[in-house]
Amino acid sequence: MKPSRILVTAALPYANGPIHIGHLVEYIQTDIWVRFQKLRGQRCIYICADDTHGTAIMISAKKRGVTEEEFIEAMHVEHQRDFAAFEIEFDHYGSTNSLENRELCEEFWTAVNDAGLVTEKAVEQLYDPIARTPLADRFVRGKCPVCQAEEQYGDHCESCLSTYTPVELIDPRSVLSGAPTELRTHPHKFIQLEKLHDFLEGWTQNEDHLQPEVANYLRGHFLGEAGNPENPRKELMDWDVTRPPEYFGFEIPDFPGNYWYVWFDAPIGYVAATKQWCHQHGEKLENWWRDPATKIHHFIGKDITYFHALFWPGMLKTAGFNLPEKVHIHGFLTVDGTKMSKSKGTFVKASTYLNHLDPAYMRYYYSTKLGARLDDLDLNLDEFVNKVNSDLVGKVVNLASRTARFATDTGLSGMYPEDGGLFATGVEIGDEIAAAYEMCDYNRAMRLIMDLADRANPYVEAQAPWNLRKDPAQADRLQDVCTVALNLFRQIAVYLAPVLPRLARQTGELLSEPIQSWDQAKQPLLGTPVQPFQHMLQRLEKKDVEAMINESKEMEEGPTSTFQDSNAPLQEEPLCEEISFDDVMKVDLRVARVVQAEDVPDARKLLKLTLSLGGDERRTVFAGIKAAADPEQLVGRLVVLAANLAPRKMKFGISEGMILAAGPGGKDVFILGVDDGAQPGQRVH
RNA sequence: GGGCCUGUAGCUCAGCGGUUAGAGCAGGGGACUCAUAAUCCCUUGGUCGGGGGUUCGAAUCCCUCCGGGCCUACCA
C-alpha cells in the first residue's frame, strides 16, 4: 500500500565550512531517492537545513570578526548555492537557528521533562578564561597523561591511543586562546536514555528500521541483550544535553543561563524545517510528523549513527512524534583508496568541482557505487573518467546522438514498430530497477540500466540506419528504426531521471514530451516531432579532473626555497599561539644520555629508557617510539630531555620526563640529537 | 582487547547451496563509419584469501587462520 506522504531528510550540514565531495555522497543519494519517489507519483518532500549552533561556529565567527548570525547566514547562502548546482533539490532548506526550531526545542524539552527523563548533575569541565567559554574535548590540547606525548586532544592520545578525560591532561591549554585552562564545575542536565531502553531495543531490532549491520552494532555496543552472557544488557548512558555559557545556541527557559547542546536542537531542526515548509505551503505539521500515514526516512552518514538510531527515536517517541520508518546509513568517501586529503588535493570542495566538471558526472558515478549497505565508497579518479565516458556518453547518449538526426525531418512513427521485444524487456526490467532504487541499491539499478543500453546499441548496429538513409524507398524503415532507438533511449532516460534530471529534461525537449513520470517508460512515445539533436553531455576529460585536483591542493606559501619541502606537516599541525620568553624558559631541556633502553612487551608503542644527566642522576622515561627505534641502537646516544616535567604514573611504571622527537608518530619518529661535544646534564638554551 | 564489515578475472563489482563462476572497464584480434575516436562482433584472463568441516553437491553454510577497512576501548 502506498503511504500517503513520505518525508525525507539528509543530515543537516554543519554551518562551519563549505560543502565538499564527501558531503555530496549523502545529499546526492538522498536527492536521487526523493526524485525517484516523486517520479513514481509519491507525495514526497525533501527537507534539510543548516546545523548552526555550537562552540565551533562561535569560534569561527569570532575569528572573522562577525556575529554568529552573520556567519551562518553567509554559509547558508553558500550551501544552498552549492546544492542547487548539483541539482540537489530540497523542498525546503532551513536553519536550526530559527524561531520554529526554538519553539519545537521547548516542546521536546517539556516532553522529556514531563516524562521524567531529565536529571541534573555537576560536570567538571575545562574552561578558557580568556575566550570565556567551556571547552569541548577537541578544543583542549595538552600532554598525554599516559605517554607524555605533546599536543594531544582532550579526550584521547593519538600517540599511544589511550583515552582519558580532559581533566587528566597535563598542562592543558585552550586551542582557542592558548591560555592554560581552568577547571570549573557547572550543573548540566542529562537525558536518561536508559529509561527508554526497552523501547529502543524494540525499535532498533525490529521492522527493518535500520540496516542489519547497524542493528547488530547497536545491540553489541550499546544495548546488549538480556539473557545473553556474551553480551549482557548494558545501561545506556545519560546524555548531557546542556551547555553553560558562552555558547551559541538556544537558551533553556527553565534553566536560565544554559543552552541546549547543538546535538539536542539539530535533529529537531528536521521538524522545524518541515514546519517552515508547511507554513509556506498551507500544510499542517501534524500531518507530516504526527500521522502514521506519513513515512519518515532519514539519510545519514555512519558517524552519526548513535544520535539518529538511539537518541533521536527516544526523543520522538517521548514527544509523541512519528518515528522514522527507516534510517538509511551510508559510509564515508575515500578518493583513490585513501581518506580525502587537503595536501593531495582530494579534499575537493563542491565549488571547486563546479569550476571544472559537470555535476552529472558525479551524480552518476556515485550511483554506480552506492548500495544499501553502509560500506565506504571510493572515488577512483581513473575509473570515474572511464565509467562516465563509456556508460553515459558512449552507450546512453550515443543512442540518441546516432539516430536523432535521421528522424528530425519525420518525427517518430505513429505506430510502434517491431523491435524484437527490446522495449518490452525494458518495461519488464523497469520493475527491477524501481525495486533497486527503492532499496537504495543504486549500483544495481545502474547496472540494469546499462544492460538495457547494451542491448539497444547492437539493434542500431544491425539495422544500420545510415545505410537505410541512402535509399529513399527505405524512408519508412528508417523512421521506424529511429523510433525504436529513440524510444529505447527515452526509456533509459526515464530510468536515469532520478540520477540525471538534466538528461531527462533534454530528452523531453528532443522528443517533444517532457519526462515527468516513471510510467512513461512503459509506453513508447509515438508521432511526436524530433528536435535537432544537441549535445547532451560532454566527455569527461582526465585533464579537467587533474585541474580540479590541482586547484584543491593547498597552495605552498612563502619565498621559493631550493629545498622543496612539503607544507603537509604544517597543515596537519598548525603553529601554536605565541608565547613569552618566560614561557619558553619554564621548560628545562637537558642533554641526556641513553644508558639503558628496553622494550616494554605489553605496550604497543612504548620503550622504557633510562637516561643519565651525568653523575648519578638517572631518569626513567617511557617514550612512544617502539615502532621507530631499536633499543640497542639507542644506548649511548645523546638526546634532549624535558627534565622538569612532572612525573606521570603510567601503566608500566612512572615516567619522569620526555625526550624530544619530531614526526607524526608510528614508524616516523625522529629523535632530536645533539651535536658532538655536548655533555649530559647541560641545559638547552 | 572488543564489535561490525570485507577479501571472486589487471581494476570496480555481481552472484550468497545446485548445470562447465558472471558483467562492465582495461588487454588482444577483427568489422563498421551514423555518432562526442563513440559502436558492433570475437577473444585472453580466476584452483572465488589459505586450511578444515557440513552436504549427493559450496564462491555460496559452519569453524579456524591470514589480509583489508571502519567503529570502539570502562564520558558517543
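Atom set for the values below is all heavy atoms of this structure, side chains included, hydrogens, waters and symmetry mates excluded. Chain letters run A, B, ... following the sequence lines, proteins first and then strands; every chain starts at 1.
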Could you tell me how the ring of A:His308 sits relative to the ring of A:Tyr270: parallel (under 30°), tilted (30 to 60°) or perpendicular (over 60°)?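 It falls in the tilted class, 30° to 60°.
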Look at the aromatic rings of A:His23 and A:His20 and report parallel, tilted or perpendicular, splitting at 30° and 60°.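 Answer is tilted, since the angle falls between 30° and 60°.
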Can you tell me which stems RNA chain B forms when a stem means 3 or more consecutive Watson-Crick or G-U pairs under 3.5 Å? B:1-7 with B:66-72, B:10-13 with B:22-25, B:27-31 with B:39-43, B:49-53 with B:61-65
Listed once per pair and sorted, the ring-ring contact (aromatic ring centres under 6.0 Å, His included) pairs that draw on residues 377-404 of chain A, sequence neighbours left out: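 Only A:Tyr365-A:Phe384 qualify under ring-ring contact (aromatic ring centres under 6.0 Å, His included).
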I need the full list of salt bridge (charged side-chain N to carboxylate O under 4.0 Å, His left out) pairs touching residues 474-492 of chain A, with sequence neighbours left out, sorted by first then second residue.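 Passing the test, one end in residues 474-492 of chain A: A:Arg490-A:Glu513.
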Salt bridge (charged side-chain N to carboxylate O under 4.0 Å, His left out) partners of residues 387-412 of chain A, not counting sequence neighbours, each pair once: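 Sorted pair list: A:Glu383-A:Lys387, A:Asp391-A:Lys395, A:Lys395-A:Asp454, A:Arg402-A:Glu461.
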A:Glu120 atom CD, neighbour heavy-atom count above 12 within 6.0 Å: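 Count over threshold, so yes.
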Nearest-nucleotide 5' precedence on RNA chain B, A:Asn380 against A:Asn457: A:Asn380
Taking the [atom1] atom of each, how far is [N] from [M], in whole Å?
N	M	atom1	result
B:rG22	B:rG15	C1'	7 Å
B:rA21	B:rC16	P	16 Å
B:rU44	B:rG30	C1'	15 Å

Measure CD/A:Glu194 against C1'/B:rC75 and give the value in whole Å, please.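 Between C1' of B:rC75 and CD of A:Glu194: 16 Å.
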Nearest-Å distance, NZ (A:Lys121) to P (B:rC75)? 12 Å
Could you pull out all residues at least two apart from [X] that satisfy salt bridge (Lys or Arg N to Asp or Glu O under 4.0 Å)?
X	result
A:Glu182	A:Arg184
A:Glu438	none
A:Arg539	none

Between protein and nucleotides 21-30 of chain B, map the contacts as a letter string: B base, S sugar-phosphate only, - none, heavy atoms under 4.0 Å, written 5' to 3'. ---SS-----
How does protein contact run along nucleotides 31-37 of chain B, one letter per nucleotide 5' to 3', with B for base contact, S for sugar-phosphate only, - for none, heavy atoms under 4.0 Å? --SBBB-
Residues two or more places apart in sequence or in another chain: which of them pass side chain to side chain contact (heavy atoms under 4.5 Å, CB included) with A:Pro313?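 A:Pro313 satisfies side chain to side chain contact (heavy atoms under 4.5 Å, CB included) with A:Phe199, A:Leu200, A:Trp203, A:Leu323 only.
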Atom pairs, protein N/O to nucleotides 69-71 of chain B N/O, distance under 3.5 Å:
from   : atom 1 : to       : atom 2 : distance (Å)
B:rC70 : O2'    : A:Lys302 : NZ     : 2.9

Answer with base, sugar-phosphate or nothing: what part of the nucleic acid does A:Trp239 contact at a heavy-atom distance below 4.0 Å?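 Sugar-phosphate, no base atom in range.
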With rounding to the nearest 0.5 angstrom, report the CD1 to CZ distance, A:Ile433 to A:Arg447.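 It comes to 11.5 Å.
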Pick out the pairs of N or O atoms, protein on one side and nucleotides 7-10 of chain B on the other, that lie under 3.5 Å.
none

Given 3.5 Å as the limit, does a donor-acceptor pair link the side chain of A:Thr96 with the main chain of A:Thr52, or not? yes
So, A:Asn389 side chain and A:Val385 main chain: donor-acceptor pair closer than 3.5 Å or not? yes
Quick check on side-chain contact (heavy atoms from CB on, under 4.5 Å): which of A:Trp312, A:Trp239, A:Trp263 does A:Tyr306 satisfy it with?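 Only one option passes, and that is A:Trp239.
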Indicate whether any N or O donor in one side chain lies under 3.5 Å from an N or O acceptor in the other, for A:Asn258 and A:Thr242. no
